[in-house]
Amino acid sequence: MSEKPTKHTKVLIIGSGPAGYTAAVYAARAMLKPMLVAGMQPGGQLTITTDVENYPGFADVIQGPWLMEQMREQAKAVGTDLIEDHIQSVNLKSKPFEAIGDGGQKYTADSIIISTGAQARWLNIESEQKFKGFGVSACATCDGFFFKDKTVAVVGGGNAAVEEAMFLTKFASKVQLIHRRDELRAEKLLQKKLMENKKIEIIWDSIVEEVIGDDEPKNVKGLKIKNVKTNEISNLKIDGLFIAIGHDPATSLFKDQLEMDSTGYLITKSDSTETNIPGVYAAGDVKDKIYRQAVTAAGMGCMAALEAEKYLAAN
């Protein structure tokens, strides 16, 4: 089999959520002819988010997959070379930078924008996957609004879980926090606020065994939970379940080449998307574990493209 010719670009964008597509729009409009490699889940986390009400510019509720489709079309229309491939290795130690796709296609680039995103960690039980997007969510800021005056449960014990639980009290009439241990990992100040909130009840030493609900129309009715100390099974009546056991950034590709924090998020310079390697930028959830919104990811994608443009002009 003859080797495929190497594809070279001034700007290689790895990943295709709001950050990647926005970076592509800006880079293409700057006449940099970017290449965007879409990855395993084109559109990223928004493709499993149904109703989107917080993306600026749309008075009516829009669908996550539709929004990603629009961004993709826009990137294409302004001249992005969209490539269906998955990058499996990179070499950022040489110039030009190199990336190799699944089928062995080699890409070289003068600059790289990394927007590989993150995935929410799930409980990985069958019933949870079945109701994902129909009452089971990993994002309270995205979906809390749909549970006005209803009962919801949050699974987790860290800062994210406590923050999600407290955020959900704005809408829900009752929030039950389910934690597998008998104490929370969240910082003490947050725990104090949580304990003082009358709407929140903590269910200790427990794990979710099963999500119970209707098939037609699909919606969540309750949970089967198990006490890990007594093995006792009990049923909870709830309308929604939020999983808050953390996110994993898709950064294994860049280990030992780019600086990351202890949880694997890429580290960028202050007020910048530049990584520790000049010419390599990181945008969106791959570097942001605080905001994790489509609009902030898009904003960073714009920043990365502008920084790449400046870098290329200077070099």
Side-chain angles (χ1 to χ4, degrees), residues 41 45-54 60-66 119-182 184-186 194-195 197-247 292-293:
Q41 188 186 18
Q45 293 180 83
L46 269 180
T47 55
I48 52 166
T49 308
T50 44
D51 293 358
V52 175
E53 291 193 359
N54 55 10
D60 295 324
V61 183
I62 55 169
Q63 298 299 303
W66 176 85
Q119 286 93 30
R121 285 186 209 137
W122 297 93
L123 302 172
N124 290 323
I125 50 177
E126 203 183 314
S127 52
E128 165 202 57
Q129 301 299 316
K130 177 180 166 184
F131 291 104
K132 210 190 261 188
F134 296 95
V136 174
S137 168
C139 180
T141 32
C142 318
D143 300 324
F145 183 76
F146 304 112
F147 295 93
K148 245 183 161 64
D149 304 323
K150 293 186 172 173
T151 302
V152 296
V154 176
V155 177
N159 285 354
V162 171
E163 282 167 355
E164 301 251 300
M166 292 193 324
F167 177 80
L168 287 163
T169 59
K170 291 185 187 176
F171 310 103
S173 51
K174 185 178 183 186
V175 178
Q176 291 170 312
L177 182 68
I178 302 165
H179 186 43
R180 59 167 61 201
R181 290 197 276 278
D182 56 6
L184 300 170
R185 290 191 317 276
L194 182 86
M195 305 295 179
N197 196 311
K198 300 275 184 282
K199 279 186 173 184
I200 298 172
E201 177 198 347
I202 304 176
I203 300 170
W204 300 108
D205 302 315
S206 297
I207 57 171
V208 174
E209 288 273 280
E210 194 188 343
V211 181
I212 299 155
D214 294 335
D215 285 356
E216 212 46 63
K218 240 192 222 186
N219 66 332
V220 171
K221 284 283 178 67
L223 299 176
K224 210 173 259 181
I225 60 170
K226 178 169 118 179
N227 184 302
V228 292
K229 289 190 174 162
T230 64
N231 283 332
E232 193 186 326
I233 301 272
S234 54
N235 286 330
L236 279 189
K237 271 188 73 165
I238 58 150
D239 303 296
L241 174 65
F242 289 85
I243 313 296
I245 53 176
H247 284 72
R292 291 205 293 259
Q293 299 299 308

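All residue numbers in this chain count up from 1 along the given sequence. In what follows, every heavy atom counts, from backbone to side chain, and hydrogens, waters and symmetry copies are set aside.
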Measure across [X] and [Y] and return the closest heavy-atom pair with its distance rounded to 0.1 Å.
X	Y	result
Ala153	Leu223	CB-CD1, 3.9 Å
Ile225	Ile178	CG2-CD1, 4.1 Å
Ala172	Lys199	O-NZ, 3.0 Å
Trp204	Ser206	O-OG, 2.8 Å
Ala244	Ala161	CB-CA, 3.6 Å
Leu168	Val152	CD1-CG2, 4.1 Å

Quiz item: Does atom NZ of Lys237 have more than 12 heavy-atom neighbours from other groups under 6.0 Å away?
Solution: no
To the nearest 0.5 Å, tell me how far [X] [atom1] sits from [Y] [atom2].
X	Y	atom1	atom2	value
Asp239	Asp149	CG	CG	10.5 Å
Lys170	Lys148	NZ	NZ	10.5 Å
Asn54	Ile62	CG	CD1	8.5 Å
Lys221	Ile238	NZ	CD1	12.0 Å
Lys132	Ser137	NZ	OG	10.5 Å
Cys139	Gln293	SG	CD	5.5 Å

Is the shortest side-chain heavy-atom distance between [X] and [Y] below 4.5 Å?
X	Y	result
Ile200	Met166	yes
Ile202	Met195	yes
Trp122	Val136	yes
Val211	Leu123	no
Asn197	Val175	no
Val208	Ile243	no
Ile125	Glu209	no
Asp182	Lys229	yes

Quiz item: When you look at Glu164 and Leu177, which way does the side chain to side chain contact (heavy atoms under 4.5 Å, CB included) test go after all the steps?
Solution: CA-CA 10 Å; Glu164 301 251 300; Leu177 182 68; over 6 Å; no
Quiz item: Given the side-chain rings of Phe242 and Phe167, with only the six-membered ring counted for Trp, is the space between their centroids under 6.0 Å?
Solution: no
Exercise. Check the pair Ser173 / Thr151 against side chain to side chain contact (heavy atoms under 4.5 Å, CB included), numbers first and verdict last.
Key: CA-CA 6 Å; Ser173 51; Thr151 302; 4.1 Å; yes
